[in-house]
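Contents: one structure, followed by commentary.
In what follows, chains are A, B, ... by sequence order, proteins preceding strands, each numbered from 1.
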2 protein chains.
Amino acid sequence: MDALPPSPESSPWLPFENRRRARDEKRDAVLRTAVQLFLEQGYHRATLNEVAERLNITKPALYNYFRSKEEILFECWAVGQEQVDGFIAGINARGGTGLVKLRQLVHAYAENMATDHGASLVRFDPRDLSEKNSRIVRAGKKSIDRTFRKYIADGIADGSIKPCDPKMTAFAIAGSLNWIGHWFQPDGAMSATAIADEFTDRLTEGLAARPVKKTASTVAKKKPSRGGIR
Amino acid sequence: MDALPPSPESSPWLPFENRRRARDEKRDAVLRTAVQLFLEQGYHRATLNEVAERLNITKPALYNYFRSKEEILFECWAVGQEQVDGFIAGINARGGTGLVKLRQLVHAYAENMATDHGASLVRFDPRDLSEKNSRIVRAGKKSIDRTFRKYIADGIADGSIKPCDPKMTAFAIAGSLNWIGHWFQPDGAMSATAIADEFTDRLTEGLAARPVKKTASTVAKKKPSRGGIR
DNA sequence: ACTTTTTATTACCGATGGGTAATATACGGG
DNA sequence: CCCGTATATTACCCATCGGTAATAAAAAGT
């Protein structure tokens, strides 16, 4: 796709690195195509033949990059999980009250649900995975759930959130967010960011111990100037 | 199972009615077993052989009651949809402010999500259905969504609900409720009713134009004496 | 130019599972 | 007691699809 160093007289390391990178790019392309198809048609109806077809190759070629259909499914999920783990780490690093962290989590999670790999977190069925991978998925879900509960508990402890049952509250919020993965359409009326803004306010307005100003304040980290790139 | 009229000298209509009823009971039994299995293992992993096995019959016997696996799936869904349509009709009949109706809807819907046929509404994939049945399912979902939005809009109009976007608010509430169908376990810590109570308050507390008393008031219709039958 | 490795293709296997045909069995009615 | 209908069983078909040789083509290394 993009420009590669065409000079043949460069270090002997480059071609090697090139090959590794080319391979990884192909692997990623398979993953992107697969996750789209799996979301479009559902894991069981989607066939590897069709995945291959969209990539202009044939089915057995896929087995150069993955051991099985199940492994592809798992890797699709893993990408989404890594994204979530990533922004959770960022929120933890920045710190703040429980409410502030919760609002950041809601916002980032909502935006993530509007992506293919994000939606795959809630639209793929762990029962399609091997026992080993299924356990990893369950651990990931559990970890996200714990984060929601922790931020809520933190908020109650520091006084930013009204006393409530963290478990049920986390279920209510996460459920609302997870459902985005089922109805969001990129070509819909609202952008992912707009939805995330809306949900951030809607899902936390009942929790704040005292009124919160507006969305902008809590999400000021990224996108300092709206309407820029993309 | 239960007692049948053993007298052979009764009206000639009875045996006929008996047979029809017996048939319907068997059909229902298939449906109950199927929905359980489909929820347990997922539609694609669940086989008709296993459905039959649980009923102590063999697979072809199922075809006396259903034309295909897909038809069974659709009927499972239809039962859940009828239940929802039923209590929505009740809420409409009783009337009240938008907020009151919304709270009743949330409560009833939450409880329904804790049943097999209720969960099937959100855990089965419409893409497994024929085009014809898929359209019916989509119409049903749309109808439920419209009801949520209408109650919210009613509430805004009559002043019981704070101004907000009915579409997004309905998505947020319904998503939260739908997710119950994914995590609820009958043998869990909380009963379906307790969860419904909790969600009714949690999901509407941010919407009320002025503070609402308690759950009991809005759900006083059914169960006048708790701990009675069942 | 020759060899080796990587990557892809064609052709095929085999398990799974929905669905059907032929047939047996139970049962109510005359 | 026999017949017709409903209901069940056994045995089977076959389309689908994940996965695997065997092998060809392309690229890298020497």
Rounded to whole angstrom units, what separation is found between the [atom1] atom of [X] and the [atom2] atom of [N]?
X	N	atom1	atom2	value
A:K59	D:dA21	NZ	P	14 Å
A:N64	C:dT6	CG	C1'	8 Å
A:E71	D:dG18	CD	P	15 Å
A:I57	D:dA26	CD1	C1'	15 Å
B:Y63	C:dG18	OH	C1'	5 Å
A:E53	D:dC17	CD	P	12 Å
A:H44	C:dT16	NE2	C1'	12 Å
A:K69	C:dT16	NZ	P	16 Å

Report task. List the steps and the verdict of side chain to side chain contact (heavy atoms under 4.5 Å, CB included) for B:I173 and B:L102. Result -> CA-CA 10 Å; B:I173 292 176; B:L102 179 63; 4.1 Å; yes

Query - Between CE on residue A:M190 and CZ on residue A:F199, distance to nearest 0.5 Å - result: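 A:M190 CE to A:F199 CZ: 8.5 Å, rounded to 0.5 Å.
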
**Report entry** Residue A:S68, side-chain heavy atoms: nucleotide from D:dA8, D:dA11, D:dG19 that is nearest
**Finding:**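 Nearest listed nucleotide: D:dG19.
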
Query raised in the report: Tell me, do A:R138 and A:K142 make a side-chain contact under 4.5 Å, heavy atoms counted?
Result: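 Answer no - side chains too far apart.
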
Should [X] be listed as having a side-chain N or O under 4.0 Å from OP1 or OP2 of [N]?
X	N	answer
A:Y65	C:dA8	yes
B:R23	D:dA6	no
B:T58	D:dA8	no

Query raised in the report: Looking across every strand, which nucleic acid part, if any, lies under 4.0 Å from A:A52 by heavy atom: base, sugar-phosphate, or nothing?
Result: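 Nothing, no nucleic acid heavy atom in range.
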
Query raised in the report: Under 4.0 angstrom, heavy atoms only, what part of the nucleic acid is B:F66 near: base, sugar-phosphate, or nothing?
Result: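 Touches nothing.
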
Query raised in the report: Side chains of A:R94 and A:Q104: donor-acceptor distance under 3.5 Å anywhere?
Result: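 Checked: A:R94/A:Q104 side chains pair up, N/O donor to acceptor below 3.5 Å.
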
**Report entry** Between B:R103 and B:T204, a side-chain donor and acceptor under 3.5 Å
**Finding:**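 Looking only at side-chain atoms, B:T204 and B:R103 do form a donor-acceptor pair, the distance falling under 3.5 Å.
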
Report task. Identify, with sequence neighbours excluded, every residue that meets side-chain contact (heavy atoms from CB on, under 4.5 Å) alongside B:K59. Result ->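 Result, side-chain contact (heavy atoms from CB on, under 4.5 Å) vs B:K59: B:L48, B:N49, B:Y63.
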
Query raised in the report: Among residues 26-41 of chain B, which residues get a heavy atom nearer than 4.0 Å to DNA chain D?
Result: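 Only B:K26 qualify.
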
Query raised in the report: Parallel, tilted or perpendicular: which describes the rings of B:Y109 and B:F148, with under 30° parallel and over 60° perpendicular?
Result: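 Perpendicular: the ring planes of B:Y109 and B:F148 meet at over 60°.
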
